[in-house]
Chemist: 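One structure is given below, represented as structure tokens, and several questions about it will come after.
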2 protein chains.
Amino acid sequence: MKDAKLTGLKLTPQRLAILEYLSGNREHPSAADIYAAVSEKFPTMSFATVYNTLKALRDRDHVLELAIDGGKRRYDPETIRHHHLICTECRKIVDIYVEFDLSVPEAERDGFDIAGNHVDFYGVCRNCRESGSEQKAASRKGRKT
Amino acid sequence: MKDAKLTGLKLTPQRLAILEYLSGNREHPSAADIYAAVSEKFPTMSFATVYNTLKALRDRDHVLELAIDGGKRRYDPETIRHHHLICTECRKIVDIYVEFDLSVPEAERDGFDIAGNHVDFYGVCRNCRESGSEQKAASRKGRKT
DNA sequence: GTGATTGCAAACTGTTTGCATTTTG
DNA sequence: CAAAATGCAAACAGTTTGCAATCAC
């Protein structure tokens, strides 16, 4: 995260704690993850503050809001271009920095003004592959996203 | 959808109505959309039945569960490989059938056993571009996913 | 000082579950 | 007839909102 874009953000201790937690964090945490971590330093922290801060950061392009995990949103402080490897067992998300040529022929654009793209790769991470993941695999059968 | 994979599914009138609604549907409806549409024919339809049916269809690879729209899941009866164009204003999702070469170098796989991938293209659809989308654009600022 | 932010609780949206009843194969 | 599905309500999970008190700039 570059501090350059933090204009207009009032840097309260709570926000600084959230920023510190996110800085360099490659776990793509959910709002609940962030709340849990930051609550240790701020026992009075509320979800409202977490969501409020995440929205402010998102609006300043300081975090990306990922819609990858079904029910909940996850947040990514890495804003330079990258793609994701997603484990279909444990939902772990790993960043990859491979570049692809993803041009869409005019004829296929359906009138869209395309601004960007993102690739999700689905698979099973080493951890889930090596440890017993059979049960989980059964319960998640068919869930690809 | 190919009927071939519908093995073991008890075809109740409710399920047939859901299947009929989904067949050829390119709107990527949410469970609520499906419920609303099918309720017209089945006033007693319940959400439990919609979710139950969607899970059964998903487990048989008859629909894809899309985690594209933040809070809610959307369903895609098109199971042959394709990618999506997503309008960041109205969340409309359009299918595209372009094929890409998306191989990930071994060194970047982080131990993952990669099974598939999917590309999301973000942009603004013609409708949102031509009609006043300024207000919506402001309220959604920064939301890319 | 003033407008933005916090924290709390309540409200909401979307999804899941338990269970008695009904239905399909 | 047995196993599975339905419908309803209640329970859940995640997110948002209203508002008085507080705080950063």
Side-chain angles (χ1 to χ4, degrees), chain A residues 3 6-19 21 28-60 62-75 91 139-143 145, chain B residues 3 6-19 21 28-60 62-75 91 139-143 145:
Chain A
D3 299 304
L6 286 174
T7 45
L9 247 204
K10 285 197 177 181
L11 294 175
T12 64
Q14 292 88 337
R15 287 183 168 178
L16 288 170
I18 291 174
L19 282 168
Y21 174 71
H28 310 82
S30 65
D33 295 331
I34 296 168
Y35 173 79
V38 182
S39 286
E40 292 178 15
K41 286 186 181 172
F42 283 88
T44 64
M45 170 75 52
S46 76
F47 269 100
T49 297
V50 172
Y51 281 109
N52 163 337
T53 300
L54 287 172
K55 185 187 295 183
L57 293 176
R58 184 195 73 196
D59 288 351
R60 288 169 178 73
H62 254 271
V63 297
L64 258 33
E65 201 172 56
L66 308 180
I68 269 180
D69 202 348
K72 67 186 140 198
R73 299 192 175 105
R74 291 173 65 169
Y75 295 85
R91 297 274 118 190
S139 74
R140 285 188 180 278
K141 179 169 189 321
R143 174 173 298 178
T145 58
Chain B
D3 299 305
L6 286 173
T7 46
L9 246 204
K10 287 197 175 180
L11 294 174
T12 65
Q14 292 88 338
R15 287 184 167 178
L16 288 170
I18 291 173
L19 282 168
Y21 173 71
H28 310 81
S30 65
D33 294 332
I34 296 168
Y35 173 79
V38 181
S39 286
E40 292 177 14
K41 286 186 179 172
F42 283 87
T44 64
M45 171 74 53
S46 77
F47 269 102
T49 298
V50 173
Y51 281 110
N52 163 339
T53 300
L54 288 172
K55 184 187 295 184
L57 293 176
R58 184 194 72 194
D59 288 352
R60 287 168 179 74
H62 253 270
V63 296
L64 257 31
E65 201 173 56
L66 308 180
I68 269 181
D69 202 348
K72 68 186 141 199
R73 298 193 175 105
R74 291 173 65 168
Y75 295 86
R91 299 273 118 190
S139 74
R140 284 188 181 276
K141 180 170 187 324
R143 174 172 296 178
T145 57

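The figures that follow rest on heavy atoms only: side chains count, while hydrogens, waters and symmetry mates do not. Proteins get letters first, then strands, A, B, ... in listed order; numbering begins at 1 in each.
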Chemist: Tell me whether B:Arg60 contacts the main-chain N or O of B:Thr7 through its side chain, where contact means a donor paired with an acceptor under 3.5 Å.
Modeler: yes
Chemist: Hey, what do you get for CZ (A:Arg15) to CG (A:Leu54), rounding to the nearest 0.5 Å?
Modeler: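 With rounding to 0.5 Å, CZ (A:Arg15) is 10.0 Å from CG (A:Leu54).
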Chemist: Should A:Thr12 be listed as having a side-chain N or O under 4.0 Å from OP1 or OP2 of D:dC23?
Modeler: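 For D:dC23, OP1/OP2 do not have a side-chain N/O of A:Thr12 under 4.0 Å.
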Chemist: Let me spell it out: for each of B:Pro13 and B:Ala32, pick the nucleotide of DNA chain C with the closest heavy atom. Which residue's pick is nearer the 5' end?
Modeler: B:Ala32
Chemist: Over how many whole Å does the gap from B:Leu11 atom CG to D:dT6 atom C1' extend?
Modeler: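 Atom-to-atom, B:Leu11 to D:dT6, this comes out as 15 Å.
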Chemist: Produce the list of close N/O pairs, under 3.5 Å, pairing protein atoms with atoms of nucleotides 1-4 of chain D; give distances to one decimal.
Modeler:
| from | atom 1 | to | atom 2 | distance (Å) |
| --- | --- | --- | --- | --- |
| D:dA3 | N3 | B:Lys10 | NZ | 3.2 |
| D:dA4 | O4' | B:Lys10 | NZ | 3.2 |

Chemist: Pick the nucleotide of DNA chain C nearest each of A:Thr53 and B:Lys72; which residue has the one closer to the 5' end?
Modeler: A:Thr53
Chemist: Counting only side-chain nitrogens and oxygens, does A:Thr49 get under 4.0 Å of the OP1 or OP2 atom of C:dG7?
Modeler: yes
Chemist: Using rotation axes that map the C1' atoms of four end pairs onto the next four (five pairs an end), what angle separates the end axes of the helix from C:dG1-D:dC25 to C:dG25-D:dC1, to 10°?
Modeler: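 Rounded value for the end-axis angle: 50°.
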Chemist: What is the distance, to the nearest angstrom, from the CG atom on B:Leu57 to the P atom on D:dA5?
Modeler: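 The answer, rounded to whole Å, is 11 Å.
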Chemist: Drop me the distance from B:His28's NE2 to B:Ile68's CD1, to the nearest 0.5 angstrom.
Modeler: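 CD1 of B:Ile68 is found 7.0 Å from NE2 of B:His28.
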Chemist: For a quick test of reading the model: is some side-chain N or O of A:Arg73 closer than 4.0 Å to OP1 or OP2 of D:dT16?
Modeler: yes
Chemist: Could you grab the distance from atom CG of A:Leu64 to atom OH of A:Tyr75, nearest 0.5 Å is fine?
Modeler: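 The OH atom of A:Tyr75 is 11.0 Å from CG of A:Leu64, to the nearest 0.5 Å.
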Chemist: Could you check whether any side-chain heavy atom of A:Leu57 comes within less than 4.5 Å of a side-chain heavy atom of A:Leu19, counting everything from C-beta outward?
Modeler: yes
Chemist: For B:Asn52 and D:dC8, what is the distance between atoms CG and P respectively, to the nearest whole Å?
Modeler: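 My rounded result for the distance is 15 Å.
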Chemist: Contact class for B:Ala56 vs. all strands (heavy atom < 4.0 Å): base, sugar-phosphate, or nothing?
Modeler: nothing
Chemist: Between C1' on C:dT13 and OH on A:Tyr51, what's the gap in Å once rounded to a whole number?
Modeler: 12 Å
Chemist: Quick one: A:Ile34 CD1 to D:dG14 C1', roughly how many Å, whole number?
Modeler: 13 Å
Chemist: Of the non-hydrogen atoms in A:Lys41 and A:Pro43, which two are nearest, and what is the gap between them?
Modeler: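 Looks like O-CD, 3.4 Å.
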Chemist: Please round to the nearest 0.5 Å and tell me the distance separating atom CD1 of B:Ile18 and atom OH of B:Tyr35.
Modeler: 11.0 Å
Chemist: To the nearest Å, how far apart are B:Tyr35 OH and C:dG14 P?
Modeler: 14 Å
Chemist: Both B:Phe47 and B:Leu9 contact DNA chain D. Taking the nearest nucleotide for each, which residue is further toward the 5' end?
Modeler: B:Leu9
Chemist: Would you compute the distance between atom CE of A:Met45 and atom CZ of A:Phe47 and round it to the nearest 0.5 angstrom?
Modeler: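 These two atoms lie 10.5 Å from each other.
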Chemist: From CD of A:Gln14 over to P of D:dA21, roughly how many Å is that when rounded to an integer?
Modeler: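 So the CD-P distance, A:Gln14 to D:dA21, works out to 18 Å.
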Chemist: Search all heavy atoms of A:Val50 against all heavy atoms of A:Ala31 and return the closest pair with its distance.
Modeler: CG1-O, 3.9 Å
Chemist: Enumerate the residues from residues 36-46 of chain A whose closest heavy atom to DNA chain D is under 4.0 Å, giving them by residue number; use none for an empty result.
Modeler: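 Of all residues in residues 36-46 of chain A, none places a heavy atom under 4.0 Å from DNA chain D.
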Chemist: Between the main-chain N or O of B:Thr49 and the side-chain N or O of B:Asn52, is there a donor-acceptor pair closer than 3.5 Å?
Modeler: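 No, B:Asn52 side chain to B:Thr49 backbone: no donor-acceptor pair under 3.5 Å.
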Chemist: Can you tell me how far CZ of B:Arg58 sits from CZ of B:Arg73, rounded to the nearest 0.5 angstrom?
Modeler: 7.5 Å
Chemist: D:dT15 C1' sits how many Å from A:Asp69 CG, rounded?
Modeler: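 My rounded result for the distance is 15 Å.
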Chemist: Does the side chain of A:Asp33 come within less than 4.5 Å of A:Tyr21's, by heavy atoms?
Modeler: yes
